[in-house]
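Data first, discussion second: the structure below is written as structure tokens.
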Amino acid sequence: MTLLSIYKTERGNLTISLILLIIKHSPALLLPVIIGNVINAIIAGGPETLHKITWNSVFIGILIFQNILTHTLFIKYLSKANRSIEKKLRFSLVKRMQELSISFHDNFESGRLQTKVLRDVESIEILTRQLANIVFTGLLNIVFVIVATLLHNVYVALFYFVIIPLSVFLVLTFRRKMVKSNEEYRLTLEVMSARVSEMVQMIPITRAHGAEKTEIDQVSSHLENVQKKGFRLDVLNALFGSSAWVTFQIFQFICLLVTGFMAYYKMITVGDVVMYQGFFGLIINAINMIINVYPEINRGFDSLHSLGEILECPDLEQNEGKKRIQSVKGEVEFRDVVFGYTSDVLAVNNISFKAEPGQTIAFIGESGAGKSTLMNLLIGYRRPASGQILLDGTSMNEIDLRTYRRHIAVVPQNIILFSGSVRENILYGIDSENVNEAIYSEVLEMSRVNEFLGKLPDGENTRIGEHGSKLSGGQRQRIAIARALIRDPKIIILDEATSALDVQSEVYIREAIGNMIKNRTTFIIAHRLTTVRHADLIIVLKKGRIIESGGHDSLMAKKGEYFKMNEVVQ
Ligand code: ADP
């Protein structure tokens, strides 16, 4: 399991920190024993007494002092391990996200992934800390007390064995009731908060309809609910909280009674009575601490499970061991390709065509006809259910897709720019040392990015706002074309933008596209028939099937669907 293996890498630091924890915690464990010793010595009297008192005190004094050093070291090693685990978890998640298939990402909202990287990893960090700090310390208390008592007096130990589980059971019963009323209250609070946010969104409409009073009355009923539930919760919490406290105290009192009687009948010494009171206190403390952090620990385990969903998800792109390709000629062939996102509907049905290197293939068809799906198959985001896609004669199933994708460039309809400079956006994915400035300048020219670079305040170093918000649609497209060109791809996938541009921008884009697709196998999802005209092959799709294909002239002569589309435009 990936998660466990991450913990294992930090075994050394974790072990050192736990050893340090035992040492640093030792004064708390030994204090009752020392106090018992001192009292026994005083009662016994005699020449040894002062000597015993002194040595016991010095011993515990030293133990107490060492805590400064060992506690700091304990935290240091624990934190070293914990922070490293945190980093490794985040790193594994990020890496895994890059390896998971696109169909996984299609179905998994990005917000949820982000929560995993931030919140879940944080809860696991807290879990590790609580496990070491609280649970381990608590268990140490319990084990130490039981062993020490067993060695001292079996009857007292037996008494512990009866009384500890009983007190835990009672306290848990009270707490369960508390958790339930807490949850009820939280739910009421959530409903109220949702209602308030809805109210805020509705304000313009409420105002327009003069419905202010109705809205206020409605929200007010939720507020009242919160008030009532909150009040009930406070009283219940007080009742259950004090019941739990009283339970523990009663058991401590019973312990005093039992050990008191035992001392009276000389079964144990007076010092032992004090010692057992101290021991009992240690146990109560431990149980209380563990019960208190239980919700956090639970959350931590939930998060572990939640990360497992990603780290152990098998939906990966299978590239290992497949043929790595160095170069691509650009011949692409679809043979009877069938694909469906769901089992009942086929998005692509029995598609066959062949693109020779350097050719331009245009796909047209109404929305939902299967054009984007074909492109996803071509990029390898999806795998055909049956049929084959051949690249330079080799089935794509046999190719390491990562090496293949170095030779393709995708210019999508919705261009994704990040909030860096224009230059950084164009050079995305290319190591800065490998940039050939002469080629870069040429690309700026060919993509017609040059035309607007001068107008930007800092030229190519102008930072574009998040998602390229400071640029016009035409400028963004040209940056995307430059981004494709700089990679000198052999295959281009171009999803033509549907948004209308002004005439001048349109001209620049046409020129840029013309430069881009020259001598490269190009697949265009075309939305304008003018784009299609010069394609070597036009494929008309309908409901996942090819209904017509051929060159512009032959399709026009056929007077079929393509002809009709052209008629409509004119
Ligand atoms: P086009 O690009 O021609 O508009 P698509 O390839 O996007 O068509 O869609 C083809 C069919 O597949 C449509 O019926 C669409 O609803 C369906 N489809 C597309 N993407 C998905 C998806 N991620 N999950 C399920 N169905 C999808």
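When a ligand or atom number is given, it counts from 1 through the structure's own listing order.
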Would you say A347 has any N or O atom under 3.5 Å from an N or O of ligand 1, going by distance alone?
no
Does G365 come within less than 4.0 angstrom of ligand 1, counting non-hydrogen atoms of the residue?
no
So which heavy atom on F523 is nearest to which on A355, and how close?
CZ-CB, 3.9 Å
What is the nearest protein non-hydrogen atom to [atom], stated with its residue, atom name and distance?
atom	answer
atom 10 (C) of ligand 1	G368 O, 3.5 Å
atom 22 (C) of ligand 1	Y341 CD2, 3.4 Å
atom 8 (O) of ligand 1	G370 N, 3.1 Å

Could you tell me how the ring of F363 sits relative to the ring of F353: parallel (under 30°), tilted (30 to 60°) or perpendicular (over 60°)?
perpendicular
Angle between ring planes, F339 versus Y341, binned at 30° and 60°: parallel, tilted or perpendicular?
perpendicular
For atom 16 (O) of ligand 1, is some protein heavy-atom partner under 4.0 Å away?
no
If you measure from the Lys or Arg side-chain nitrogens to the Asp or Glu carboxylate oxygens, is any gap between R423 and E437 under 4.0 Å?
yes
Quick check on contacts: which atoms of ligand 1 are under 4.0 angstrom from a heavy atom of [X]?
X	result
T373	5 (P), 6 (O), 9 (O), 10 (C)
S367	4 (O)
S372	1 (P), 2 (O), 6 (O), 7 (O)

Is the distance from the ring center of Y428 to that of F418 below 6.0 Å?
yes
Taking the cut-offs as 6.0 angstrom to the six-membered ring centre and 45 degrees off its axis, would you call K455 and F452 a cation-pi pair?
no
Is there a side-chain contact between Q359 and L537 (heavy atoms, below 4.5 Å)?
no
